[in-house]
Amino acid sequence: MFLFSNDLGVDLGTSNVLIYADGKGLVVREPSVVAMDKNTGKILQVGAAARNMLGRTPGNVVAMHPLKDGTVSDHEMTVRMLQEMFKTATKASFFTPKPRVVISVPSGVSEVEERSVINAAIEAGARRVFLIEEPLAAGLGAGLDIRGPSGHLVVDIGGGTSEVAGISLGGIVTSRSVRMAGDEFDNAIVNYIRRKYNLLIGERTAENIKLEIGSAFPSEQESSMEIKGRNLLHGLPENITITSAEVRDALAEPLSRVIEAIKITLEKTPPELSADIIDQGITLAGGGALLRGLDKLINRETGMPVYVAEYPLDCVAEGTGRILENLEKYRDLLTEEVRYY
Ligand code: ADP
Ligand code: MG
């Protein structure tokens, strides 16, 4: 009966929370958004349902992202969100013990930030919390032998930040985090369309444009899409057609910032590790890795081979799952461990 524990691996992302349940795999995959009734303090929705309320809530409702750049920005809301998600993940019956939880945190967060992630998880019902640096989890989830002698470069492009990390022998040798990722790509599309067409679109529309026709590198299948917005000159709704080449123009500047971060990290990488990266290539993870042609652009700009992880959105959570299922084996990778009893 008790073949598996109810332990959980958690990717606490700025855009999405994914939870891996021991023996079951990924059981939660939800936007990290909470909607609350301001008057009663009651949580109305968590995840996708709450996300649909962003930007269109009535006066008494607030929908928000409780995490910023992979760390807790609103403690109470993070706890409430995790509570709901842990419940879904463990399908808590009367007798199930509280879960042990492996959570990823961006590399280079402060001790205070680590502490706030631990506290939020414990308040949300974790019995014990283990933290793993996100690039290590991403590398593991992408199937890299992160403990082997050969070094790797992992680039995780999420919603709030892009993390670049050189990994060798189970540790992070060099890393860099920039606040330039999916959300800023969306913003760049909003700004481009406002400047060029005097048309104001929402962030969700911008994200849809990015997903539908966005690209980082020209391809044979160029496409276009009709979008709706509000004309800033006469204030009325208006439709325009935008092409993938225009979206690429809009994304050029923010993408160059991500590439700059990769180049700087490569420059600071010890020569032995650089030599490995030339062989092993750069591994892309995170939702941003799904942008069409990003691998080609990074390859052209760095000269390194570039591989997109098979399931870039799932890598970190899969990595925490791998750790969860071999806790003893990976113990030395966990940066912090807390017993609360
Ligand atoms: P986080 O770890 O910060 O929660 P994720 O790794 O879940 O972030 O990635 C979320 C980001 O990935 C969002 O900005 C989203 O727009 C972007 N994204 C998801 N799918 C695609 C895609 N197919 N093309 C481009 N960007 C994508
Ligand atoms: Mg992430």
Side-chain angles (χ1 to χ4, degrees), residues 9-20 26 28-34 47-48 51 54 65-73 78 81-82 85 103-109 117 131-142 154-165 175 177-190 202-217 219 223 225 244 247-248 250-251 254-255 258 283-298 308-320:
V10 181
D11 170 5
L12 195 56
T14 303
S15 302
N16 296 295
V17 176
L18 282 79
I19 301 186
Y20 187 104
L26 291 175
V28 171
R29 182 200 300 271
E30 292 277 352
S32 25
V33 183
V34 185
R51 184 170 194 255
L54 277 176
H65 282 278
L67 299 156
K68 285 251 144 45
D69 306 328
T71 58
V72 177
S73 84
T78 302
M81 179 178 79
L82 283 178
M85 293 177 173
I103 307 186
S104 61
V105 288
S107 64
V109 299
V117 169
L131 301 183
I132 173 84
E133 289 179 283
E134 212 164 75
L136 296 178
L140 260 179
V154 173
V155 179
D156 179 343
I157 305 171
T161 55
S162 295
E163 312 267 333
V164 186
S175 74
S177 167
V178 286
R179 292 185 183 193
M180 178 55 66
D183 296 345
E184 286 298 322
F185 300 169
D186 302 344
N187 269 332
I189 294 173
V190 171
E203 279 167 28
R204 287 297 291 278
T205 304
E207 186 184 26
N208 285 336
I209 295 171
K210 176 181 73 179
L211 303 187
E212 291 251 332
I213 62 168
S215 64
F217 205 83
S219 80
S223 49
M225 154 179 194
S244 47
V247 180
R248 203 159 45 245
L251 296 179
L255 286 175
V258 174
T283 302
L284 300 185
L290 290 166
L291 184 68
R292 291 172 202 83
L294 184 57
D295 49 347
K296 289 208 184 81
L297 181 69
I298 295 174
V308 180
E310 192 174 2
Y311 300 104
L313 284 161
D314 300 353
C315 285
V316 172
E318 288 283 350
T320 61

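Ligands are counted one by one from 1 in listed order, and the atoms in each one are counted from 1 as well. Quick note: residue numbers are just sequence positions, from 1.
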- Task: Any atoms of ligand 1 less than 4.0 Å from a non-hydrogen atom of N16? List them with their elements.
- Result: 4 (O), 5 (P), 7 (O), 10 (C)
- Item | Heavy-atom nearest neighbour in the protein, as seen from atom 8 (O) of ligand 1, with distance rounded to 0.1 Å | G159 N, 3.1 Å
- Query: Nearest protein heavy atom to atom 14 (O) of ligand 1, by residue and atom, and its distance?
  - Reply: G182 CA, 3.2 Å
- Rounded to the nearest 0.5 Å, what separation is found between the OH atom of Y20 and the CG atom of D314? 11.0 Å
- May I ask you to list the atoms of ligand 1 that are less than 4.0 angstrom from any heavy atom of G286? 6 (O)
- Message: Just to be sure I'm reading this right: ignoring hydrogens, which of P312, G158, S162, A138 gets closest to atom 11 (C) of ligand 1? Compare them by their nearest heavy atoms.
- Response: G158
- What protein heavy atom sits nearest atom 23 (N) of ligand 1, and how far away is it? L290 CB, 3.3 Å
- Message: Determine whether a donor-acceptor pair (N or O, by modelled atom type, separation under 3.5 Å) exists between the side chain of S32 and the backbone of N16.
- Response: yes
- Among protein heavy atoms, which sits nearest to atom 13 (C) of ligand 1, and what does the distance come to when rounded to 0.1 Å? E207 OE2, 3.9 Å
- Please examine the side chains of I103 and T320, heavy atoms only from C-beta on, and report whether any two atoms are closer than 4.5 Å. no
- Task: Indicate yes or no for a side-chain donor-acceptor contact from K210 to the backbone of G182 under 3.5 Å, with no hydrogens or angles considered.
- Result: yes
- Item | Residues which pass side-chain hydrogen bond (donor to acceptor under 3.5 Å, both in side chains) with T161, listed by chain and number, not counting sequence neighbours | E163
- Item | Part of R292 with heavy atoms under 4.0 Å of ligand 1, whether side chain, backbone, both or neither | neither
- D156 N/O to ligand 1 N/O under 3.5 Å: no
- Task: Determine whether more than 12 heavy atoms belonging to other residues, nucleotides or ligands lie under 6.0 Å from atom OH of Y311.
- Result: no
- Query: Is L313 touching ligand 1 with its side chain, its backbone, both, or neither, if touching means heavy atoms under 4.0 Å apart?
  - Reply: side chain
- Message: I'd like to know if the side chain of R292 and the backbone of G214 have a donor-acceptor N/O pair within less than 3.5 Å.
- Response: yes
- Quick one: look up the protein heavy atom nearest atom 6 (O) of ligand 1 and list residue, atom name and how far away it is. G287 N, 2.9 Å
- Interatomic spacing from CG in D183 to NE2 in H65 - rounded to 0.5 Å: 6.5 Å
- Message: Give me the nearest non-hydrogen protein atom to atom 2 (O) of ligand 1 as residue plus atom name, then the distance to 0.1 Å.
- Response: G13 CA, 3.9 Å
- Task: Please list, chain by chain and in numerical order, all residues satisfying side-chain contact (heavy atoms from CB on, under 4.5 Å) with V316, sequence neighbours excluded.
- Result: D11, S104, E134, A137, A138, D156
- Task: Would you check if the side chain of S162 reaches a backbone N or O of M180 as a donor-acceptor pair within less than 3.5 Å?
- Result: yes
- Those atoms of ligand 1 less than 4.0 Å from some heavy atom in G288: 12 (O)
- Query: T14 to ligand 1: N or O pair under 3.5 Å?
  - Reply: yes
- Any N/O pair L211/ligand 1 closer than 3.5 Å: no
